[in-house]
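First the structure, in the form of structure tokens, and then the observations on it.
What you see is a predicted model, and the numbers here were worked out from it, not measured in a lab. What you see below is based on every heavy atom in this structure, not just the backbone, and it leaves out hydrogens, waters and symmetry mates.
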Amino acid sequence: STTGDDAGFTAVNSAAVEMFDADSKADLEDHTIGDAYAEDDDRKRVSELLRERGRLEGKEVRLETLSDEPFWASMTASAETNDEGELRFIGIIEDITERKERERQLKQLHDATQDLVGAESPAEVAQRASAAADEVLKVKANGVHLYDEDADALVPAAASDRTRELLGEVPAIDDGIAWETYQRGETQLYDDIRTAEGVLNEETAMRSELLVPLGEYGVFLFSSTTVGAFDEEDVRVAKILARNTEAVLAEQAKEQQLREHTRDLLHAETLFENAQDAFFVIAVGTESYRLERVNPAHEALTGLDRQSH
């Protein structure tokens with residue numbers, strides 16, 4: 001390409017024509033370099049660096065097609081002078097939009113995990129996980145169902161605004177594909193849920209559906225009104241988010257069990273110390289028994305010193 005504010009393309013290949021959504025090589029060469037940049041400041045900065053250093057390696061910039069669709073690009077270019085003494089920039093451009101999207105998702109997954117850890121209840125974990133799905137996967141229809149032992153069903157703990165808009169009141173689940181996902185503990189992906197065996201509503205507004213189990217705790221559902229909306233990368237990211245959600249739910253369950261155990265011990269201790277009947281605790285060894293504790297009522301009845309045995 002030529003240089004300067006009105007610099008243009010002097011020679012392009014077919015890959016560049018496709019990348020910039022041009023009609024032909026002549027069409028692309030008829031545009032200025034500025035038309036290829038999403039931000040003119042980036043163009044100026046690249047030009048300055050090439051003039052100063054003579055070469056750039058893997059410079060990441062935001063470009064856009066001739067139809068104004070932005071994309072991320074990695075640019076490797078050098079500044080050369082032709083036989084007429086004119087400065088030219090020669091370079092290779094690689095579309096790295098997908099890589100940048102993965103980087104964005106990984107960053108948001110990390111932030112979402114930190115946010116999940118701060119939740120104080122399973123319901124709050126579910127709500128934060130659903131909100132994270134909006135940001136990380138850009139899946140506006142999603143929800144988390146948690147298993148309720150009393151109902152013996154998966155009850156809705158969180159649902160995105162889009163889900164409620166499409167479904168209205170979100171029902172509990174004790175049958176169908178989501179229930180099967182929970183029981184089998186296996187991720188299921190449907191390009192068109194309406195045609196799936198076992199679907200409860202063949203007229204559902206949802207078309208694509210990705211269901212990821214949350215271990216013994218429930219199911220994470222990701223949905224779209226578009227057929228074939230989820231690719232392999234979406235599945236991978238959804239599984240990571242679900243796995244992190246499950247881990248936080250498991251930690252909360254463990255903490256709850258510890259609190260209940262501590263509460264039971266305190267309750268038993270209170271009963272032991274305040275009972276009107278005589279109680280004692282015996283430590284059983286391999287070959288002998290030892291009186292370990294007696295309560296106040298036992299001490300009063302037998303005269304045994306609570307501290308002497």
Original post:
With V125, which of L146, V117, V144, V248 fulfils side chain to side chain contact (heavy atoms under 4.5 Å, CB included)?
Top reply: V248
**OP:** State, with a plain yes or no, whether a side-chain heavy atom of E180 is found less than 4.5 Å away from one of L211.
**Re:** no
Original post:
What is the distance from atom CZ of R207 to atom OG1 of T195, rounded to the nearest 0.5 Å?
Top reply: 8.0 Å
Subject >> Atom pair CE (M75) and CD (E60), whose distance is rounded to the nearest 0.5 Å >> reply: 11.5 Å
**OP:** Check salt bridge (Lys or Arg N to Asp or Glu O under 4.0 Å) between E94 and all other residues, then give those that pass, not counting sequence neighbours.
**Re:** none
Original post:
Does the pair V12 and E29 meet the rule for a side chain to side chain contact (heavy atoms under 4.5 Å, CB included), with working shown?
Top reply: CA-CA 7 Å; V12 298; E29 290 169 0; 3.7 Å; yes
**OP:** Drop me the distance from L221's CG to Q188's CD, to the nearest 0.5 angstrom.
**Re:** 10.5 Å
Original post:
Should W72 and L106 be counted in the same cluster of Ile, Leu, Val, Met, Phe, Trp and Tyr side chains packed under 4.5 Å apart?
Top reply: no
Subject >> Expected output: side-chain S223 to main-chain E209 donor-acceptor under 3.5 Å >> reply: no
**OP:** Answer yes or no: is there a donor N or O on one side and an acceptor on the other, between the side chain of D234 and the main chain of D231, under 3.5 Å?
**Re:** yes
Subject >> OG1 on T181 to CG on L214, rounded to 0.5 Å >> reply: 10.5 Å
**OP:** Report the C-alpha distance between D40 and R43 in whole Å, list the side-chain angles of each, state the deciding distance to 0.1 Å, and finish with yes or no for salt bridge (Lys or Arg N to Asp or Glu O under 4.0 Å).
**Re:** CA-CA 5 Å; D40 193 53; R43 179 192 64 79; 2.8 Å; yes
Original post:
Quick check: does any side chain N or O of T163 sit under 3.5 Å from a backbone N or O of N142, one acting as donor and the other as acceptor?
Top reply: yes
Subject >> Result of checking R53, R55, K59 against E57 for salt bridge (charged side-chain N to carboxylate O under 4.0 Å, His left out) >> reply: R55
**OP:** Output yes when a side-chain donor or acceptor of H145 lies under 3.5 Å from a complementary backbone atom of A153, and no otherwise.
**Re:** no
**OP:** Consider only side-chain heavy atoms of I, L, V, M, F, W and Y, link residues closer than 4.5 Å, and tell whether F220 and L189 are in one cluster.
**Re:** yes
**OP:** Sequence neighbours left out, what passes salt bridge (Lys or Arg N to Asp or Glu O under 4.0 Å) with R236? Give chain and number order.
**Re:** E233
Original post:
What is the distance from atom CD1 of I93 to atom CZ of F71, rounded to the nearest 0.5 Å?
Top reply: 6.5 Å
Original post:
Just by distance, do the side chain of T113 and the backbone of L109 share a donor-acceptor pair under 3.5 Å?
Top reply: yes
Original post:
When you measure from the side chain of S208 to the backbone N and O of G228, does any donor-acceptor pair fall under 3.5 Å?
Top reply: yes
Original post:
Under 4.5 Å between side-chain heavy atoms, hopping through other hydrophobics if needed: is there a path connecting L154 to Y217?
Top reply: no
Original post:
Once you round to the nearest 0.5 Å, how far does CD of Q127 lie from CG of L116?
Top reply: 11.5 Å
Original post:
Just by distance, do the side chain of R104 and the backbone of V136 share a donor-acceptor pair under 3.5 Å?
Top reply: yes
**OP:** Please check if L63 and L49 belong to a single hydrophobic cluster, counting links between Ile, Leu, Val, Met, Phe, Trp and Tyr side chain heavy atoms closer than 4.5 Å.
**Re:** yes
Original post:
Do the side chain of R128 and the main chain of D115 share a donor and acceptor less than 3.5 angstrom apart?
Top reply: yes
**OP:** Answer yes if the ring centres of Y182 and Y147 are under 6.0 angstrom apart, and no otherwise.
**Re:** yes
**OP:** May I ask you to decide if A205's main-chain N or O and T225's side chain share a donor-acceptor pair within less than 3.5 Å?
**Re:** no
Original post:
Backbone N or O of E120 within a donor-acceptor pair of the E124 side chain at under 3.5 Å?
Top reply: yes
Original post:
If two hydrophobic side chains count as joined below 4.5 Å and joins carry through other members, does V155 share a cluster with I173?
Top reply: no
